[in-house]
Chemist: 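I have a structure here, written as structure tokens, and I will follow up with some questions on it.
In what follows, every chain begins at residue 1, and chains take the letters A, B, ... in the order their sequences are listed.
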Amino acid sequence: MSDKKPKNRIYKPKKISGFPEWLPEVKRAEQKWFDEIRRVFESYGFCPIETPSVEELDAINAKGGDGESDADKEIYVIERLHKQEGDKESRLALHFDQTVPLARYTAQHFNDLVFPFKRYQMQRVWRGERPQAGRFREFYQCDIDVINVDNLPLHFDAEMPAIIWEILSSLPGMENENIQIRISNRKILMGYLQSIGITDNKKIIKITRAIDKLAKQGNQHVIGKDVDKFGGDNNGFILLDDKGNISTPSTRSEIDTEIIENITNFIEVTTVKYNSSDELEDALTNNRHFDTSNQMLKEGIEELAFVMDQLSHLPEGAVVADLSIVRGLDYYTGTVYETVFTDDPSYGSICSGGRYDDLASNYINKKLPGVGISIGLSRLFDRIRLKGNLPLSGISPADILITLPSEEARPTVMEAAQQLRKNGLNVETFHSPAKDKKQFAYAEKKGIRYIWFIPTEGEANHSVKDLTTGDKFSTTPQDWKAK
RNA sequence: GCGGUCGUAGCUCAGCUGGUAGAGCCCUCGGUUGUGGUCCGAGUGGUCGCGGGUUCAAACCCCGUCGAUCGCCCCA
């Protein structure tokens with residue numbers, strides 16, 4: 001009797017949370033998305049670049065200015081496993097978006113770039129946050145940005161959503177999704193806060209986040225009702241009731257009642273979505289609560305109205321002005337975008353961006369305003385995939401599998417394969433002589449449509465069988481064309 | 001960083017109130033099938049996430065730990 005085989009210790013493979021990977025058929029579908037996105041980007045004249053996965057940590061942190069920002073925690077820093085005492089090397093960090101690398105890139109290659117610099121970039125980015133539905137630690141973003149020297153025409157602010165709309169409505173599997181691009185302009189909120197006397201940066205951040213949250217939770221949520229619920233040290237100080245109205249300041253309030261009232265007025269306006277520039281201007285300009293003599297507020301309204309006008313050719317509801325969109329990243333200074341599934345806004349934005357006045361000012365002594373938008377490809381893709389709406393077209397990209405009846409036939413098989421490839425077909429040859437059953441089953445499983453037979457003795461022609469229909473054709477490698 | 005749920009074959013899971021593990025799929029082989037997709041049969045595969053405790057006895061109870069997942073913060 002045989003002894004028990006010694007078991008070799010196996011390192012059992014595990015999923016790494018937040019780092020998705022796909023089977024071939026899904027990856028093929030993802031590649032088609034990349035192809036389509038690239039096609040549209042290039043059709044508008046954007047050119048490709050790729051930056052390293054890492055930036056120097058100092059360079060990434062340069063944008064904040066404040067030093068300790070929330071973004072710090074999301075960054076992965078890399079180090080050598082075998083680093084030694086006293087090794088001198090710059091600290092490298094995986095980039096968490098493509099905007100900061102773009103700023104650095106633009107500054108670094110300033111002399112060699114043609115402005116306005118229009119580039120697209122489709123790479124992975126990394127965020128050190130806790131994964132959950134639609135949230136990854138490693139994911140793809142597809143960015144387009146335009147950067148110019150000194151001034152950047154507002155026209156570009158309108159071009160971004162137009163491009164995005166074109167892409168989102170052409171990606172395979174997205175046919176039945178209801179998507180909306182929501183646009184605002186930070187100058188409106190900033191100008192408004194300025195006009196009611198709020199200038200403290202920390203207060204501004206809290207207010208913007210409260211407004212942001214309010215909109216995303218569909219007015220259901222309460223900020224600060226249970227202060228601790230909203231994350232230990234991040235004390236919400238704006239208290240909203242279930243209808244989304246600011247009620248009383250919490251015990252930790254840093255803000256007085258009059259201002260609360262003012263913000264309530266503002267929120268009334270922000271929770272409406274405006275379909276046209278006229279609606280928007282009516283609501284804001286003629287609102288007695290707004291001091292439109294404030295220059296920044298006025299500019300914001302005008303800019304947003306301009307952008308809306310430029311986008312009036314898009315279908316109704318595709319793009320709306322939504323003043324609750326304020327965006328977390330603090331480098332945005334004007335137009336801001338978010339994109340949501342209208343039937344499930346809480347899934348999060350699938351496509352965001354905005355305008356920044358001088359993102360590169362930390363890297364170069366020039367004023368380089370830009371505007372850009374980023375498709376959260378992984379989040380979008382995963383949603384469509386999980387809904388089962390992703391069109392899959394087989395594991396293999398091969399159109400044809402040539403059977404190998406015997407080892408002697410291999411040269412003929414190879415020759416036929418080469419000829420077919422020259423004609424633009426993807427061809428795989430079966431790897432070893434085997435029963436037809438095995439070779440057929442292989443083609444079937446890999447989703448290869450045609451099986452090719454070289455001539456048997458006495459036959460002049462090759463033959464092809466279409467597995468989807470069962471039809472068989474007599475032909476030659478030179479002549480055959482897939483129907 | 002915080003909270004909820006979960007962790008049994010490669011995958012999806014079953015395993016009643018504790019008595020030392022099962023199904024389907026996958027995979028391999030054989031048969032059937034006008035050259036494959038069907039059907040039938042056989043086989044491979046698990047120290048029940050890991051560690052400790054309670055017990056005569058634990059996949060099942062307790063503690064810890066790790067992992068996954070969902071949510072909060074934040075964000076694509």
Side-chain angles (χ1 to χ4, degrees), chain A residues 4-5 7 9-20 23 69-75 95-99 122-143 164 205-206 208-209 212-213 216-217 221-223 226-236 325-330 337-341 346-354 372-383 401 403 405 430 434-453 456 463-472:
Chain A
K4 272 187 180 171
K5 274 187 290 186
K7 290 254 163 61
R9 264 294 162 203
I10 286 181
Y11 177 83
K12 195 171 174 176
K14 293 174 289 198
K15 266 187 227 176
I16 301 178
S17 178
F19 290 77
L23 290 170
S69 75
D70 279 340
D72 291 337
K73 295 179 212 153
E74 294 189 357
I75 299 173
H95 58 230
F96 64 91
D97 69 7
Q98 296 180 124
T99 307
M122 307 195 291
Q123 293 180 228
R124 294 202 222 239
V125 304
W126 293 266
R127 297 276 254 218
E129 57 185 296
R130 265 302 178 28
Q132 52 195 277
R135 318 272 310 265
F136 304 104
R137 278 142 68 173
E138 174 179 74
F139 56 97
Y140 281 105
Q141 287 194 167
C142 304
D143 284 34
I164 292 305
I205 288 173
K206 287 189 176 182
T208 53
R209 283 187 184 161
D212 185 53
K213 185 63 61 184
K216 279 191 183 133
Q217 305 292 346
H221 237 289
V222 177
I223 303 286
D226 175 5
V227 168
D228 296 326
K229 191 175 163 195
F230 289 89
D233 51 0
N234 188 17
N235 317 319
I325 303 300
V326 291
R327 311 251 52 235
L329 293 167
D330 48 1
Y337 317 100
E338 282 193 9
T339 310
V340 294
F341 294 103
S346 63
Y347 185 70
S349 177
I350 48 170
C351 201
S352 310
I373 195 161
S374 169
I375 302 174
L377 183 126
S378 299
R379 173 178 285 182
L380 186 58
F381 183 79
D382 200 42
R383 162 119 179 166
L401 174 75
T403 59
F430 201 75
K435 288 185 182 175
D436 282 345
K437 178 183 172 114
K438 276 192 93 168
Q439 305 202 32
F440 272 69
Y442 179 79
E444 182 73 29
K445 272 189 279 191
K446 287 192 79 176
I448 301 174
R449 181 168 176 186
Y450 296 98
I451 293 209
W452 188 282
F453 306 90
T456 53
S463 57
V464 195
K465 177 165 176 152
D466 182 341
L467 286 181
T468 58
T469 61
D471 295 342
K472 214 170 163 183

Chemist: Expressed as a whole number of Å, how far does the C1' atom of B:rG4 sit from that of B:rG43?
Modeler: 43 Å
Chemist: In whole angstrom, what separates A:K445's NZ from B:rC25's C1'?
Modeler: 13 Å
Chemist: Find out whether A:W452 and A:V464 are in side-chain contact, i.e. whether some heavy atom of one side chain is under 4.5 Å from a heavy atom of the other.
Modeler: yes
Chemist: Using the P atom in both, what is the distance from B:rG52 to B:rC11, to the nearest Å?
Modeler: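 It comes out at 25 Å once rounded to the nearest Å.
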Chemist: Is there side-chain contact between A:D382 and A:F136, with heavy atoms separated by less than 4.5 Å?
Modeler: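 A:D382 vs A:F136: side chains touch.
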Chemist: What interatomic distance, in whole Å, is found between C1' of B:rG45 and the corresponding atom of B:rC27?
Modeler: 10 Å
Chemist: Taking only the P atom of each, what is the distance from B:rA59 to B:rG49 in whole angstrom?
Modeler: 10 Å
Chemist: Using purine N1 to pyrimidine N3 plus N6-O4 or O6-N4 for Watson-Crick, or N1-O2 and O6-N3 for G-U wobble, each under 3.5 Å, what pairs with B:rG1?
Modeler: B:rC72
Chemist: According to side-chain contact (heavy atoms from CB on, under 4.5 Å), who are the partners of A:R137, at least two apart in sequence or on a separate chain?
Modeler: A:S17, A:F19, A:Y76, A:P131
Chemist: Rounding to an integer number of Å, can you tell me how far A:F139 CZ sits from B:rC74 C1'?
Modeler: 12 Å
Chemist: About how many Å separate NZ of A:K465 and CZ of A:R449, when rounded to the nearest 0.5 Å?
Modeler: 13.5 Å
Chemist: Pick the P atom in B:rA23 and in B:rA14, then give their distance to the nearest Å.
Modeler: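 Each nucleotide's P atom is 16 Å from the other's.
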Chemist: Where the side chain of A:S352 meets the backbone of A:T339, is there a donor-acceptor pair that is under 3.5 Å apart?
Modeler: no
Chemist: Determine the Euclidean distance between corresponding C1' atoms of B:rG10 and B:rU65; express it in Å to zero decimal places.
Modeler: 26 Å
Chemist: Please state the P separation for the pair B:rC13 and B:rU8 - nearest whole angstrom.
Modeler: 9 Å
Chemist: What are the atom names and distances for every N/O pair under 3.5 Å that joins the protein to nucleotides 67-71 of chain B?
Modeler:
residue, atom, partner, partner atom, Å
B:rA68, OP1, A:S17, N, 2.9
B:rU69, OP2, A:S17, OG, 2.2
B:rG71, OP2, A:A133, N, 2.9

Chemist: Which pair of non-hydrogen atoms, one from A:F430 and one from A:T403, has the smallest distance, and what is that distance?
Modeler: CB-CA, 4.4 Å
Chemist: Starting from C1' on B:rC73, measure out to CD on A:E74 and report it in whole angstrom.
Modeler: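 For the pair A:E74 CD and B:rC73 C1', the rounded distance is 10 Å.
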Chemist: What is the distance from atom OG of A:S349 to atom CD1 of A:I375, rounded to the nearest 0.5 Å?
Modeler: 11.0 Å
Chemist: Could you tell me whether a side-chain N or O of A:Q123 sits under 3.5 Å from a main-chain N or O of A:Q98, the two making a donor and an acceptor?
Modeler: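 No, the answer is negative, given that no donor and acceptor are paired below the 3.5 Å cut-off.
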Chemist: Would you tabulate the nitrogen or oxygen pairs shorter than 3.5 Å linking the protein to nucleotides 36-43 of chain B?
Modeler:
residue, atom, partner, partner atom, Å
B:rG36, O6, A:K465, NZ, 3.3
B:rG36, N1, A:L467, O, 3.4
B:rG36, N2, A:E444, OE1, 2.1
B:rG36, N3, A:E444, OE1, 3.2

Chemist: Any idea which heavy atoms bring A:Q439 and A:I451 closest together, and the distance?
Modeler: O-CD1, 4.4 Å
Chemist: Tell me, do A:L401 and A:Y450 make a side-chain contact under 4.5 Å, heavy atoms counted?
Modeler: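 A:L401 does not reach A:Y450 side chain to side chain.
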Chemist: What contact category does A:F453 fall into here, base, sugar-phosphate, or nothing, at under 4.0 angstrom with non-hydrogen atoms?
Modeler: base
Chemist: Within the structure shown, what part of the strands sits under 4.0 Å from A:S374 by heavy-atom distance: base, sugar-phosphate, or nothing?
Modeler: nothing
Chemist: If we take the C1' atom in both B:rC70 and B:rC26, what is their distance in whole Å?
Modeler: 29 Å
Chemist: How close or far is atom P of B:rC74 from atom CD1 of A:I75, stated in whole angstroms?
Modeler: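 Whole-Å distance recorded here is 17 Å.
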Chemist: Look through every strand shown and name the nucleotide pairing with B:rU65 as Watson-Crick or G-U wobble, where both distances are under 3.5 Å.
Modeler: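 Pair assignment: B:rU65 / B:rG49.
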Chemist: Need one value for A:F136: base, sugar-phosphate or nothing, where a base atom within 4.0 Å counts as base even if backbone is also close, heavy atoms only.
Modeler: base
